[in-house]
Amino acid sequence: MYQWDFAFLWSYRWLFLKGLGVTVAFTVGIVLLGLVIGQLAALAKLSKWAPLRILSHTYIELFRCTPVLVQLVWFYYALPVLSGIEISAVSAAMLALSLYGGSFYAEIIRGGIVSIDPGQTEAGAALGMTPFQTMRRIILPQAFKRMVPPLMNQSIIQFKNTSLVSVLAVPDLLYQGQVAAHDSYRPLEVYTAIAVAYFVILYPLTILVRKGEEALARND
Amino acid sequence: MEKPKIEISGLNKKFGDLAVLKGISLSVEAGSVVAIIGPSGSGKSTLLRCINLLVTPDGGQIRVGEDAFTFGPGTKLPGTRDLARFRSNTGMVFQHFNLFPHMSVLGNVMEAPVTVRKKSKAEARELALALLAKVGLSDKADEFPARLSGGQKQRVAIARALAMQPDVMLFDEATSALDPELVGEVLGVMKKLATEGMTMVIVTHEIAFAREVADRVIFMRDGIVAEEGPAHQVIDAPRETATQAFLSHFHRGGHHQTAETAP
């Protein structure tokens with residue numbers, strides 16, 4: 001029978017905290033960058049201009065339909081070979097995860113925009129608003145409310161996806177866990193602790209999303 | 001004689017293979033009220049939406065005030081800025097109100113003057129409050145649209161359109177989505193506008209209202225103007241059989257008959 005012993009983990013607390021800091025910072029970065037990319041891709045996909053629509057569609061489907069782990073490795077190893085530009089593991093990971101997240105955010109944002117009654121766009125146009133003004137003042141504020149729960153859900157997934165950056169030796173929580181596991185020869189406790197850490201952070205967020213969805217259902 | 005406020009000639013519009021407007025011509029004198037009546041699918045809403053270019057015609061000419069556009073093969077469609085400026089001079093009221101649900105009543109009326117006309121908030125607010133008083137909704141300024149009745153919503157929509165101080169008001173079945181008891185309050189506001197000399201084009205099923213308020217009535221059928229003339233003449237003594245057949249569905253009082261009571 002395996003003898004569980006979690007007490008030794010305490011001596012790795014600073015290592016885990018450092019890793020957690022990297023994970024959280026990474027998540028904030030890829031969520032923000034991904035939202036910007038997703039917003040642009042969504043607007044491009046709704047554009048009147050066909051080349052822009054095709055470009056956006058290609059980007060979205062390329063990133064939605066390939067594994068994120070493959071993307072990470074590709075951006076770190078293949079992109080420098082193709083472009084001749086060396087990028088750090090952090091930059092490659094940031095780029096790949098932001099683009100990956102952006103492709104899902106784009107579909108959520110586009111869905112939110114097209115879910116708004118076309119009469120709203122007509123009303124804006126009839127008042128003499130330009131398409132840009134109508135989008136900014138009329139459509140997006142209404143669509144945003146509907147997008148928040150699915151965007152939060154996707155961001156939770158993004159938080160977990162950051163664990164993949166450990167394959168590029170970016171020192172996130174999982175990477176530091178691997179270090180601790182090798183060091184202590186106690187991988188079962190270490191990985192259990194890491195799972196608990198992710199859960200403790202994400203579970204409250206899922207409750208928040210559910211509350212948001214309920215509030216939305218009441219309002220509509 | 002002054003030239004008409006709105007002039008339309010040879011207007012064509014197809015949706016796919018379906019010709020919705022077939023060479024419509026129409027003129028509206030400044031300060032007059034024209035009512036467009038006709039069965040569903042006759043193209044009357046499409047015609048109205050062409051007047052402010054919410055629908056782009058395939059061919060023909062449209063002039064509203066000083067702005068003239070020609071449509072057809074080889075003509076360039078107006079750009080978004082031209083379109084926006086053009087539309088800012090016509091007000092439109094929709095069947096389903098299309099109020100902005102995320103803004104208060106006051107916010108709805110202030111939106112276009114602030115965003116489009118670049119008026120100061122204070123100025124727009126003053127204008128909006130005056131217009132809400134005009135449609136009898138001063139006490140609802142801070143409510144949100146979801147808390148209003150259909151009739152109140154439509155009166156807000158009228159105030160919102162008037163806030164752009166348009167030369168022309170277009171009404172697209174403004175009372176068709178309302179409960180019968182709420183129709184009167186909206187028609188009342190429209191009648192007041194008409195007596196103040198607003199140029200109005202009204203697509204409506206309220207035959208009695210058209211007869212009372214409109215100067216001219218246009219009867220549309222299958223994408224053409226089947227009959228046109230002074231309101232009393234078209235409604236009380238229609239010349240065309242199609243007009244007679246259509247009007248026979250309405251009581252003398254002008255209310256639409258239900259299937260059970262139809263002869």
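So that the names make sense, note that chain A is the first sequence line, chain B the second, and so on, each numbered from 1.
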Can you confirm whether [X] is buried at [atom1], in the sense that more than 12 heavy atoms of other residues, nucleotides or ligands lie under 6.0 Å from that atom?
| X | atom1 | result |
| --- | --- | --- |
| B/E126 | CD | no |
| A/Y175 | OH | no |
| B/E196 | CD | yes |
| B/R81 | CZ | no |
| A/F132 | CZ | no |
| B/R63 | CZ | yes |
| B/K121 | NZ | no |

| field | Pairwise distance NE2(B/H102) to CZ(A/F144) - rounded to 0.5 angstrom | value | 13.0 Å

| request: Mind listing the closest non-hydrogen atom pair of B/T80 and A/K48 along with its distance? | output: CG2-NZ, 4.0 Å

| request: Give the member of B/N52, B/L54, B/T115 that has the highest number of heavy-atom pairs under 4.5 Å with chain A. | output: B/T115

| remark: Counting heavy-atom pairs under 4.5 angstrom with chain A, the leader among B/N89, B/L170, B/L99 is B/L99

| Main-chain N/O of B/P101 paired to A/Q142 side chain as donor or acceptor, under 3.5 Å | no

| task | Would you mind reporting whether A/I138 and B/M103 have side-chain heavy atoms less than 4.5 Å apart? | result | yes

| message | Counting only non-hydrogen atoms closer than 4.5 Å, can you tell me which residues of residues 118-126 of chain A sit against chain B? | response | A/G119, A/Q120, A/E122, A/A123, A/G124, A/A125, A/A126

| query | Where does B/R160 contact chain A at under 4.5 Å (heavy atoms): side chain, backbone, both or neither? | reply | both

| field | Contacting moiety of B/A84, where chain A heavy atoms sit under 4.5 Å | value | both

| request: Apply side-chain contact (heavy atoms from CB on, under 4.5 Å) to the pair A/L127 and B/F100, showing each step before the final yes or no. | output: CA-CA 12 Å; A/L127 286 166; B/F100 305 136; 3.9 Å; yes

| Taking A/R137, A/R136, A/M129 one by one, which has the highest count of heavy-atom pairs under 4.5 Å against chain B? | A/R137

